[in-house]
Amino acid sequence: MDYLPIFADLKQRPVLVVGGGEIAARKIDLLHRAGAQVRVVARALSSELQQQHDAGKIRWVADVFSPEQLDEVFLVIAATNDNALNAAVFAAADERRILANVVDDQPRCSFIFPSIVDRSPLVVAISSSGQAPVLARILREQLESLLPASLGDMAAVAGRWRAKVKQRLTSMSARRRFWEKAFTGRFASLMASGQSTLAEDELELSLIAPQRESGEVALVGAGPGDAGLLTLRGLQVIQQADVVLYDHLVSPEVLDLVRRDADRICVGKRAGAHSVAQEETNRLLVELAQQGKRVVRLKGGDPFIFGRGGEELQVVAAAGIPFQVVPGVTAAAGATAYAGIPLTHRDHAQSVTFITGHCRADGDGLDWSTLARGRQTLAIYMGTVKAAEISQQLIAHGRAAQTPVAVIGRGTRADQQVLTGTLDQLDTLAHQAPAPALLVIGEVVDLHHQIAWFGQQPQTERPLRSSIVNLA
């Protein structure tokens, strides 16, 4: 180990920075966040540092460095482009046994700045001992995506409760088990959803009844297929799940991100072949949560857009089970973006309407006269089976038969297919597209041939057209 990783308390401690440019400003920003008293030696200050000096946030102590300036400081940073000056600063600090950092000069560093993931008071530092700083930065970026922003607040609450927990639980092992359960259970979920008061109530209940088991349900949108479109919050939740109930629309790539030891139950539904009745899914959600498990209901796209998410949460809420919702990228947004079809455009469409091709048998019919109006985009989910009826009704109510349409099959996935043509060809296109498929109707479809970007570019021929993407 080339460096001992330590966290220094700089609050109200004097720190000297030699240099007044942009690099010095970046280091000074970190020092301010740590509460240090910053002194600067520089011939000139950047505009940013000049403003800080004018505001009294830093002290500009001299134009020229001299070793005596180190006599009363805690550590020193040299951030100039003068190698001789940087070497002199390091030598003077080393002689006085003061920690020194010469920016981008690892041999002249008795301490180094790590890459930092700041969830104060929780801080994660990554260092390559100055050998590969870009690699350390890449690792920091990966950790940023995995560590919820709520961790800092959760750590702060835990700090306030330490004494109370220690008073109630006298053994170290009991306290360790208590906090392990809190940081991976309902307390953590409540903090993540911004409900700090309820989170502290949960800690109180856990102290009163340590054996109490409290399950919960998280309704998570998996996005339209590409695992990269899963939200950071969605990733965090599925990696904490005890059991995941998922649909057929959830791609294998997203399922691969689920915690390895979580139970997975497919409750998917397909037109004409419902493998699990909705009532059975509702029962499983309640039953598993009542067993004290963290249950994730993972749905393709967004769970509140034609996903029956609201219906399922009504059942969960009626059973008194805590729950949360993590939105997802809905198919209409994701698939059209990957197809190069903007849902709205100033020249073509001032509104967009999301429609489902599967309505309740006892539900009201669609208002075809409204849907047939021009200068709007229709995005139709699960509409391939009724594509002929959709086409006929729209044309009958005034939409032009030559209106551009697209059928996007397996949108955002490696084998995405985009079939384009006109409204009177919609049924033919729908039967050619692989499932799941999204129907898009409106003049914006023509932009596909100008701004398609995902995979193979489309051909320019007129209907019947096909842009087949195969990246496998």
Within the side chain of [X], is there an N or O that forms a donor-acceptor pair under 3.5 Å with the backbone of [Y]?
X	Y	result
Gln69	Val64	yes
Asn101	Cys109	no
Asp263	Ile265	no
Tyr246	Val296	no
Ser171	Ala174	yes
Glu144	Arg140	no
Ser251	Gly225	yes
Thr377	Gly442	no
Ser128	Ala136	no
Asp118	Ser120	yes

More than 12 non-hydrogen atoms from neighbouring residues, nucleotides or ligands closer than 6.0 Å to [atom1] on [X], yes or no?
X	atom1	value
Asp201	CG	yes
Glu22	CD	no
Glu180	CD	yes
Leu139	CG	yes
Arg346	CZ	no

Practice prompt. Might you work through the side chain to side chain contact (heavy atoms under 4.5 Å, CB included) test for Val103 and Ile77, ending with a clear yes or no?
Written response: CA-CA 7 Å; Val103 176; Ile77 299 167; 4.1 Å; yes
Separation between [atom1] of [X] and [atom2] of [Y], rounded to the nearest 0.5 Å:
X	Y	atom1	atom2	value
Asp105	Asn83	CG	CG	7.0 Å
Met172	Arg175	CE	CZ	5.5 Å
Asp82	Arg43	CG	CZ	8.5 Å
Ile408	Gln417	CD1	CD	12.0 Å
Leu288	Ile321	CG	CD1	9.5 Å
Phe187	Leu205	CZ	CG	13.0 Å

Heavy atoms, side chains only, cut-off 4.5 Å: are [X] and [Y] in contact?
X	Y	answer
Val157	Leu203	yes
Tyr381	Thr330	yes
Val267	Arg297	yes
Gln376	Thr353	yes
Asn81	Ile23	no
Val89	Val102	no
Arg137	Pro133	no

Practice prompt. Scan Arg96, Arg39, Arg97 and name whichever one has a salt bridge (Lys or Arg N to Asp or Glu O under 4.0 Å) with Asp71.
Written response: Arg96
Worksheet item: Which ring-ring contact (aromatic ring centres under 6.0 Å, His included) pairs, counting each pair once, include a residue from residues 6-57, with sequence neighbours left out?
Response: His53-Trp60
Item to complete: Could you note down all residue pairs passing ring-ring contact (aromatic ring centres under 6.0 Å, His included) where residues 79-112 supplies at least one of them, sequence neighbours left out?
Response: Phe111-Phe113
Worksheet item: Hey, are Gln131 and Ser129 close enough side-chain-wise for a donor-acceptor pair under 3.5 Å?
Response: no
Discussion item. The test is side chain to side chain contact (heavy atoms under 4.5 Å, CB included); show your working for Gln195 and Gln324 and say whether it passes.
Written reply: CA-CA 11 Å; Gln195 302 181 73; Gln324 61 175 300; over 6 Å; no
Worksheet item: Can you check side chain to side chain contact (heavy atoms under 4.5 Å, CB included) on Thr420 and His449, steps first, answer last?
Response: CA-CA 10 Å; Thr420 62; His449 303 283; 3.5 Å; yes
Worksheet entry | Pair Leu257-Ile238, side chain to side chain contact (heavy atoms under 4.5 Å, CB included): steps then yes or no | CA-CA 7 Å; Leu257 299 175; Ile238 66 175; 3.9 Å; yes
Lys/Arg N to Asp/Glu carboxylate O, [X] vs [Y], below 4.0 Å:
X	Y	result
Glu312	Arg308	no
Glu253	Arg413	no
Asp153	Arg119	no

